[in-house]
Amino acid sequence: MIDPKILRQSAHDVAKNLARRGYKFDANLYLQLETQRKSLQVENEELKNKRNINSKSIGVTKSKNEDISKLIQIGEEINDLLSGNERELNLVLSQIKNIELDLPNLLSDKVPDGTSEKNNIVLKSWGKPREFGFMPQDHVSLGDRLGLFDFESAGRISGSRFAIIKGPLASLHRALIQFMLNLHTQEHDYEEIYAPYLVQSQALIGTSQLPKFESDLFKIAGDKPLYLIPTAEVPLTNLVGSNVAKESELPFKYVAHTPCFRSEAGSYGKDTKGLIRQHQFEKVELVQIVKPKESEEALSSLTSHAENVLQELQLPYQLVSLCAGDIGFGANITYDLEVWLPGQQAFREISSCSLYGDFQARRMQAKWKNEETGKNEFLHTINGSGLAAGRTLVAVMENYQDADGSIHIPEVLIPYMNGKELIN
RNA sequence: GGAGAGGUGGCAGAGUGGUCGAAUGCACUGGUCUUGAAAACCAGCAAGGGUUUGUAGCCCUUCGAGGGUUCGAAUCCCUCCCUCUCCGCCA
């Protein structure tokens, strides 16, 4: 949610900023609703004030054993006026709220212009794609040849976009997750969290997947609806919701491994083969919750922590700044890490690191006590994948393949594989 | 799942229809005293929102959440959530 004060004071500037995303914010309509809200709310509070004064004098009059019938009548009249006013006020307030919840976050000035991923800007490249003396295969044929993928059974059991991974490849997948968790907890000072995979709608509103993107989520039937988390960002960030953190506790740095569940209704037809786009995948997620002043620094540290995973695994990648048209709904700025996939001869997203500013904190009422000002202020939230485990498995398979289709275990993972060095 | 008890300010804890946003204690902040500290004493000390040039003033809201009754609700009624104790079930 964008700060309502900013919306009121500079609605047209906001509209200009959001237009960079291709979002059309009707500033005039908003300001018109705001004008109505203001006069209705002032009227509302004046009436309540009158009622409070009247009711108090009834108490005083009654205690003197004097007649109160006239005062009660006044009270009733005030309530008549109030109920009409309240109906109008609530209507306007809900219209304003709907507009505000629909509004994406303001973009940082650093975000490049552009309408699609073609306009994203590569800021940095790390590592050199390996020279193969043969035609590198993609992970699907590698896995099939090894007999360690079973998409057919997965389809029969669960449907399309589910995977079954077997034997040493499943172990490698698990090893990647263990390796990432250890790296982040031991080298990068994150606190490991085990968190629920099912969450209430309120938590998803907090991190801004709801109300707008319900179709991307899996919803569990029941009296009180629960949703499968699309990312550990949801439970991790909500850890600080409805709370006022002490300054001395900050920053919070959380890491969690969870499965992620995405309905991805809009993406059918893309990446239908293999592990790239699944309804269920594993991810190690990094979240930092910091003072506003420290948030840009936190984003670059978090991004470098995700990069470290790729560097330790010796996987070539590039760091990309997402352009205005490609950036996520709640993000102020986003850096993607794209790993080199020899089988596709392309860089593919493997991590997305975003600064949300106070956008999520405002929705979930996550605050900190600023000792300097003595005030409770909104925190800033940052999250990023560190990394998506399924896609990392893909990258390891394709980058570490041999001419005969066997796969070398990256050096840092060998201890996690009981000393195994080769899958064949 | 069943039975019972309870959810009030940072914490503890009073308050069962009327000047209650809420006694009291602790904690915290400032002051007096003191060489300094402690003690004692004095004072202050919730959050959100509206109005506003305003971290001034005034006003509104908030006693687990949401509804309701009433001129007036922490207090009465309904629904839900959570915590504790006992029983049942269970990895």
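Throughout, protein chains are lettered first and strands after them, A, B, ... in sequence-line order, and every chain is numbered starting at 1.
- Remark: the A/Tyr317 side chain and the A/Gln311 side chain contain an N/O donor-acceptor pair separated by less than 3.5 Å.
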Dot-bracket for RNA chain B, 5' to 3', counting Watson-Crick or G-U wobble pairs under 3.5 Å, with [ ] for crossing pairs and | for inter-strand pairs? ((((((((.[[[..)..(.....]]].(((((.......))))).((((((.....)))))).[[[[[..)....]]]]])))))))....
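- With hydrogens and angles ignored, the 3.5 Å screen pairs a side-chain donor or acceptor of A/Ser385 with a backbone N or O of A/Ser352.
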Could you run through nucleotides 67-81 of chain B and give me one letter per nucleotide, 5' to 3': B if any protein heavy atom sits under 4.0 Å from the base, S if only the sugar-phosphate is that close, - if neither? ----BS---------
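- What separates CG of A/Leu82 from C1' of B/rU61 is a distance of 13 Å, to the nearest Å.
- Each ring pair (Phe, Tyr, Trp, His ring centres under 6.0 Å) pair with one or both residues in residues 24-48 of chain A, not counting sequence neighbours, appears once here: A/Phe25-A/Tyr30.
- At a threshold of 4.5 Å between non-hydrogen side-chain atoms, the residues A/Ile409 and A/Tyr416 do not count as touching.
- Defined by atom type and a distance below 3.5 Å, a donor-acceptor pair is missing between the side-chain atoms of A/Gln344 and A/Asp138.
- In summary, A/Lys283 and A/Glu233 do not engage in a salt bridge, as defined by a charged side-chain N under 4.0 Å from a carboxylate O.
- Each of A/Lys375 and A/Lys50 lies near RNA chain B, and the nucleotide nearest A/Lys375 is the one positioned closer to the 5' end.
- Rounded to an integer number of Å, the gap from A/Leu40 CG to B/rC59 P is 22 Å.
- Within a 6.0 Å radius of CD in A/Glu249, more than 12 heavy atoms belonging to other residues, nucleotides or ligands are found.
- With hydrogens and angles left out, the side-chain atoms of A/Ser108 and A/Glu296 include no donor and acceptor closer than 3.5 Å.
- Residues A/Asp113 and A/Cys323 come closest through the heavy atom pair O-CB, 3.6 Å.
- Distance, A/Glu247 CD to B/rG10 C1': 17 Å, rounded to whole Å.
- Applying the ring pair (Phe, Tyr, Trp, His ring centres under 6.0 Å) test to every pair with at least one member in residues 37-96 of chain A, sequence neighbours left out, gives no pairs at all.
- Look at A/Glu398 and A/Arg348 and you find no salt bridge, because none of the NZ, NE, NH1 or NH2 atoms lies under 4.0 Å from a carboxylate O.
- Of the N and O atoms on the side chains of A/Asn105 and A/Asn332, not one donor lies less than 3.5 Å from an acceptor on the other residue.
- Here B/rU19 presents its P atom at 15 Å from NZ of A/Lys64, a figure rounded to the nearest Å.
- To the nearest angstrom, C1' of B/rC58 lies 17 Å from NZ of A/Lys48.
- Residues A/Gln314 and A/Tyr400 have side chains that never bring a donor and an acceptor to within less than 3.5 angstrom of each other.
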Please list, pair by pair, any protein nitrogen or oxygen found under 3.5 Å from a nitrogen or oxygen in nucleotides 49-51 of chain B.
residue, atom, partner, partner atom, Å
B/rG49, N2, A/Glu45, OE1, 3.3
B/rG50, OP1, A/Arg8, NH1, 2.7
B/rG50, OP1, A/Arg8, NH2, 3.1
B/rG50, O4', A/Gln41, NE2, 3.2
B/rG50, O3', A/Arg37, NH2, 2.9
B/rU51, OP1, A/Arg37, NH2, 3.2

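- Between B/rG48 and B/rU55, the distance separating the two C1' atoms is 16 Å to the nearest Å.
- Both A/Ile53 and A/Glu377 lie close to RNA chain B; mapped to their nearest nucleotides by heavy-atom distance, the more 5′-ward contact belongs to A/Glu377.
- Distance CG (A/Asp3) to C1' (B/rG48): 14 Å, rounded to an integer number of Å.
- Comment: A/Arg37 engages A/Glu34 in a salt bridge, judged by a side-chain N to carboxylate O separation of less than 4.0 angstrom.
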Could you list all N or O pairs between the protein and nucleotides 26-30 of chain B that sit under 3.5 Å apart?
none

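- Going from atom CG of A/Leu89 over to atom C1' of B/rU61 covers 12 Å, rounded to whole Å.
- B/rG7 and B/rG66: their C1' atoms are spaced 16 Å apart (whole Å).
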